[in-house]
**Student:** 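I have a structure I would like to understand better, so I am pasting it below and will then ask my questions one at a time.
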Amino acid sequence: MTLEEEIESLKQQRNAVILAHNYTRPEIQDIADFVGDSLELSRKAAECRAPVIVFCGVRFMAETAKILSPESTVLHPNPYSGCPMADMADPDAVAEYREKHPDTLIVAYVNTTAATKTAVDLCCTSGNAEKLIASLPPERKILFLPDANLGANLNAKLNRHMELWPGCCPTHNRIMPEHVLAAKEKHPDALVLVHPECLPAVVRLADRALSTGGMLKFVRESACREFIIGTECGILHRMQKENPDKAFYPLEPAVVCPNMKKITLEDVLFCLRDMTPEIELPEDVRRAAKAPIDRMLKALP
Ligand code: 13P
Ligand code: SF4
């Protein structure tokens, strides 16, 4: 039996579903029941009634699945697959900020740990951040965390003055304006799509700044045939598979999230066989972390 066949047979035995993020390895995306961006995966987890969810993505995403689907056993195939940006907003530091600034609304990008989510008012993802922030009263003081690039891009787009936490994604921060200029020169007919976690100077040069799910939708619907892609390279697998007649050029080949790549087929096989590592959260933390996610899902169902 191949690894894939063994996984399929164990998946049936366990009655499990496999959810995977758009940045995971191609072979992981190929065995998943659903591949998506953070928002789509949160929605899937919220409606998932499967007894076992194998979550192939970084830890905060698997935690979100557990928060929204507490009855399910959520397996995270590689416990070392974390998100360095999520770790840049320490829950104690956020709680301390909250105590000092009781009138400020704290909006957290979903790329935060469950512990940090317990100290914030509202969550957002790159797929809904613009709509969500635009729906908040303009006079309201807001702290946006932990991604200063996403926050600055939202401030520029919406003419807001949110205070920004000093965090960033080390992977997206590698993309520089000169990479965009060079790629445009090489592929003059291509549209440039970047993730809003990129530096504002990069976003200003792009045709669109979109979540990974937003990019996939855009390329599917666009009449354009060539695209320069400014985000983690894992997304190219799905893009090319879904649009065989279109061409996709990575903006910078070194845009790799090492944490997303940590999850291998062997990890998935072993976690289904041994039913570990499992995401476990104390119930009080899970409930408190759920509140800002629920507000997000309620505001923009
Ligand atoms: P998406 O929600 O756009 O998939 O982004 C998640 C992420 O971690 C980007 O680095
Ligand atoms: Fe975190 Fe960046 Fe990796 Fe996304 S790409 S999971 S933000 S480190």
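From a predicted model like this one, the values you see are computed outputs, not experimental measurements. Just follow the structure's listing: the first ligand is 1, and inside any ligand the first atom is 1.
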**Student:** Any N or O of S211 that comes nearer than 3.5 Å to an N or O of ligand 1?
**Tutor:**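 No.
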**Student:** Would T212 and H195 count as having a side-chain donor-acceptor pair, cut-off 3.5 Å?
**Tutor:**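 Distance-only check fails for T212 and H195.
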**Student:** Mark up the atoms of ligand 1 that fall under 4.0 Å of a heavy atom belonging to S126, in ascending order.
**Tutor:**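 Close to S126: 1 (P), 2 (O), 3 (O), 5 (O).
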**Student:** If the cut-off is 4.0 Å to any non-hydrogen atom of N111, which atoms of ligand 1 fall inside it?
**Tutor:**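 This gives 7 (C), 8 (O) as the contact atoms.
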**Student:** So, for F55 and H76, is the gap between ring centers shorter than 6.0 Å?
**Tutor:**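 They do not qualify: ring centres at least 6.0 Å apart.
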**Student:** May I ask you to check if ligand 1 and T125 share an N or O to N or O distance below 3.5 Å?
**Tutor:**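 So ligand 1 has no N or O lying under 3.5 Å from an N or O of T125.
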**Student:** Looking only at side-chain N and O atoms, does N173 offer a donor or acceptor that is under 3.5 Å from a partner on N149?
**Tutor:**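 N149 vs N173: donor-acceptor pair found between side chains.
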**Student:** For ligand 1, which atoms sit closer than 4.0 Å to a heavy atom of H172?
**Tutor:**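 Answer for ligand 1: 10 (O).
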**Student:** Report, in ascending order of atom number, the atoms of ligand 1 lying under 4.0 Å from any heavy atom of H195.
**Tutor:**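 Taking each heavy atom of H195 in turn, ligand 1 has 1 (P), 3 (O), 5 (O), 9 (C) under 4.0 Å.
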**Student:** With a cut-off of 4.0 Å, which atoms of ligand 1 are near a heavy atom of S38?
**Tutor:**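 Per the distance check, 1 (P), 2 (O), 4 (O), 5 (O), 6 (C).
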**Student:** Say whether M85 and ligand 1 are in contact under the criterion: heavy-atom distance to a ligand atom below 4.0 Å.
**Tutor:**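 No; M85 lies far enough from ligand 1 that no heavy-atom distance drops under 4.0 Å.
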**Student:** Considering only heavy atoms of D37, which atoms of ligand 1 have at least one such atom less than 4.0 Å away?
**Tutor:**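 Every atom of ligand 1 under 4.0 Å from some heavy atom of D37: 1 (P), 2 (O), 4 (O).
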**Student:** Using heavy-atom distances, let me know which of T212, T231, V255 sits nearest atom 4 (O) of ligand 1.
**Tutor:**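 The option holding the nearest heavy atom is T212.
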**Student:** Is any side-chain N of the basic residue among E232 and K261 closer than 4.0 Å to the acidic one's carboxylate O?
**Tutor:**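 Between K261 and E232 there is a salt bridge, with a charged N closer than 4.0 Å to a carboxylate O.
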**Student:** Suppose I only count heavy atoms of E197 and a 4.0 Å limit; which atoms of ligand 1 are within that range?
**Tutor:**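 Listed by number with element, the hits are 7 (C), 8 (O), 9 (C), 10 (O).
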**Student:** Report all protein residues having a heavy-atom distance below 4.0 Å to some atom of ligand 2; order the list by chain, then number.
**Tutor:**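 For ligand 2, the contacting residues are Y23, V58, C83, P84, M85, N111, C169, H172, E197, C257, M260.
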**Student:** For N22, is the nearest heavy atom under 4.0 Å from an atom of ligand 1?
**Tutor:**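 Contact absent.
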**Student:** Regarding K44 and the six-membered ring of F34, is the cationic atom NZ or CZ under 6.0 Å from the ring centre and inside 45° of its axis?
**Tutor:**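 Yes, K44 sits over the ring of F34.
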